[in-house]
Amino acid sequence: MEETNQTVVMDYVLLGLHGHHDLEMVLFVLCLGIYCMNLLGNSLLMVLIMLDPHLHNPMYFFLSNLSLIDICATSSFIPLMLTNFLQTRSTISFPACALQMFLTLALGTTECLLLAAMAYDRYVAICHPLRYTELMTPQMCMQMAVLSWGTGFVNSLLQSILIWRLPFCGHNVINHFFCEILAVLKLACGDISLNALVLMVATTILTVTPLLLICLSYIFILAAIFRVPSASGRRKAFSTCSAHLTVVVIFYGTISFMYLKPKAKNPNVDKIITLFYAAVTPSLNPIIYSLRNAEVKAAVTALLGGGLLTRKFSHV
């Protein structure tokens, strides 16, 4: 059994949309455009945050981390997937598959935790504005970011170790576009009860718990906003967290739709939905923060007008 398991992990076949080459060509064009938009939008957002002194605060520090996650997460699977769309047989080596699964899980978990950290930042800014600089110090923000990244990667390492110790009995065809953890787990021919238990516990702690903390934060935020006497004051307070709330709704909304909806009769439908969740959601974040945030709009205007670069180089 162990010898068989070792001989089949040299490379895997990614089934994708096997037998639907025309549809794969359509997905190639769509995913290439979305990936380019994701790289351009998130890179531009990170550059703006780095150049504009007005964006040097905790909210944009966490947002730059979020942009970095979105770039790394999509880059971990989309380039290879695009290459495979152009080939008749899509394969991936065992090291590449293991790395792809590790990165997608680690970065997805880190994003959940970062969204919770951003919710806490908005809670402090609106509910305790006089203590904001005292509570959200640069050291505190760095510690929260490091904890989010570290927890995500440690969890992914644990899940990866538990999966790759399983026997696969010659099964090497992954029914997906990339090495997604549940698709890989389906190949195992041994007892996966421990894997299922650890994965369920980790998902509850690292995905559901941050969502509950986000909801709790926004309950306090909305209560504080409704206590503001003027309508303009309420609008101004809500505008500071509306972009983050939109990102949270899209992120958790698509996850809920993917995993809580009835299973489609055609498995290709579920694969396409997962693909668009993994590819499209990261590209929306810079658009949302650009459209719903006056400070980012001002930074974009200054960058296009040349004023932002002029001020940066004058300081240097």
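Note that these values count all heavy atoms, side chains included, but never hydrogens, waters or copies made by symmetry. Just so you know, residue 1 is the first one in the sequence shown, and it goes up from there.
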Can you see which heavy atom on [X] is nearest to which on [Y], and at what distance?
X: Phe77; Y: Ala278; result: CZ-CB, 3.5 Å
X: Thr240; Y: Met59; result: O-SD, 3.8 Å
X: Asn84; Y: Thr91; result: OD1-O, 4.0 Å
X: Arg165; Y: Leu194; result: NH1-CD2, 4.4 Å

When you measure from the side chain of [X] to the backbone N and O of [Y], does any donor-acceptor pair fall under 3.5 Å?
X: Glu180; Y: Ala183; value: yes
X: Tyr218; Y: Cys241; value: yes
X: Tyr252; Y: Thr207; value: yes
X: Thr209; Y: Leu206; value: no
X: Asp121; Y: Ala117; value: no

Do [X] and [Y] come within less than 4.5 Å of each other through their side chains, counting heavy atoms only?
X: Ile221; Y: Leu245; answer: no
X: Phe61; Y: Pro138; answer: no
X: Leu166; Y: Leu185; answer: yes
X: Trp149; Y: Leu68; answer: yes

Mind checking the [atom1]-[atom2] spacing from [X] to [Y]? Nearest 0.5 Å is all I need.
X: Met81; Y: Leu14; atom1: CE; atom2: CG; answer: 10.5 Å
X: Met118; Y: Tyr60; atom1: CE; atom2: OH; answer: 9.5 Å
X: Ser160; Y: Asn155; atom1: OG; atom2: CG; answer: 9.0 Å
X: Tyr120; Y: Cys141; atom1: OH; atom2: SG; answer: 10.0 Å
X: Thr137; Y: Gln143; atom1: OG1; atom2: CD; answer: 7.0 Å
X: Ile255; Y: Leu211; atom1: CD1; atom2: CG; answer: 9.0 Å

Requested in this report: Using the test disulfide (SG to SG under 2.5 Å), find all partners of Cys179 that sit at least two apart in sequence or belong to another chain.
Outcome: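 Only Cys97 meet the disulfide (SG to SG under 2.5 Å) criterion with Cys179.
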Query raised in the report: Are Leu23 and Leu86 joined in one hydrophobic group, where the rule is that I, L, V, M, F, W and Y side chains link up if heavy atoms are under 4.5 Å apart?
Result: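 In one cluster: yes.
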Query raised in the report: What about Val146 and Met144, same hydrophobic cluster or not, with Ile/Leu/Val/Met/Phe/Trp/Tyr joined at side-chain heavy-atom distances under 4.5 Å?
Result: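 Yes, because Val146 and Met144 connect within a single hydrophobic cluster, where side-chain heavy atoms sit under 4.5 Å apart.
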Report task. Scan Tyr277, Phe276, Phe85 and name whichever one has a ring-ring contact (aromatic ring centres under 6.0 Å, His included) with Phe177. Result ->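 Result: among Tyr277, Phe276, Phe85, Phe85 is the only option passing the ring-ring contact (aromatic ring centres under 6.0 Å, His included) with Phe177.
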Report summary line: side chain to side chain contact (heavy atoms under 4.5 Å, CB included) filter on Ile219, not counting sequence neighbours, yields none
Report task. Could you tell me which residues satisfy side chain to side chain contact (heavy atoms under 4.5 Å, CB included) with Leu135, sequence neighbours excluded, listed by chain and number? Result -> Val124, Arg131
Report task. Answer yes or no: does atom CE of Met142 have more than 12 heavy-atom neighbours from other residues, nucleotides or ligands under 6.0 Å? Result ->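 Incorrect, the count does not exceed 12.
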Taking distance alone, no hydrogens or angles, what donor-acceptor pairs closer than 3.5 Å link side-chain atoms of residues 230-238 to residues at least two apart or in another chain?
| residue | atom | partner | partner atom | Å |
| --- | --- | --- | --- | --- |
| Ser230 | OG | Gly233 | N | 3.1 |
| Arg234 | NH1 | Val228 | O | 2.9 |
| Arg234 | NH1 | Pro229 | O | 3.3 |

Requested in this report: Assign the ring pair Phe153 / Phe102 to parallel, tilted or perpendicular, where the plane angle (0 to 90°) is split at 30° and 60°.
Outcome: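 Ring orientation of Phe153 relative to Phe102: perpendicular.
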Report task. Fit a plane to each ring of Trp164 and Tyr12, take the angle between them on a 0 to 90° scale, and name the class: parallel (under 30°), tilted (30 to 60°) or perpendicular (over 60°). Result -> tilted
Requested in this report: Begin from the C-alpha positions of Tyr123 and His128 and carry the test side-chain hydrogen bond (donor to acceptor under 3.5 Å, both in side chains) through to its verdict.
Outcome: CA-CA 7 Å; Tyr123 160 75; His128 303 282; 3.1 Å; yes
Query - Intermediate values then yes/no, side-chain contact (heavy atoms from CB on, under 4.5 Å), Tyr289 and Val247 - result: CA-CA 9 Å; Tyr289 274 93; Val247 169; 3.7 Å; yes
Report all side-chain donor-acceptor pairs from residues 30-50 shorter than 3.5 Å, counting only partners two or more places apart or in another chain.
| residue | atom | partner | partner atom | Å |
| --- | --- | --- | --- | --- |
| Tyr35 | OH | Ser75 | OG | 2.8 |
| Asn38 | OD1 | Asn42 | ND2 | 2.4 |
| Asn38 | ND2 | Thr74 | OG1 | 2.6 |
| Asn42 | OD1 | Ser67 | OG | 3.2 |
| Asn42 | ND2 | Asn38 | O | 3.1 |
| Asn42 | ND2 | Pro282 | O | 3.3 |
| Ser43 | OG | Leu39 | O | 2.6 |

Mind listing the side-chain donor-acceptor pairs of residues 104-116 below 3.5 Å, one per line with the distance, residues two or more places apart or on another chain?
| residue | atom | partner | partner atom | Å |
| --- | --- | --- | --- | --- |
| Thr104 | OG1 | Gln100 | O | 2.9 |
| Thr104 | OG1 | Met101 | O | 3.1 |
| Thr109 | OG1 | Leu105 | O | 2.9 |
| Thr110 | OG1 | Ala106 | O | 2.7 |

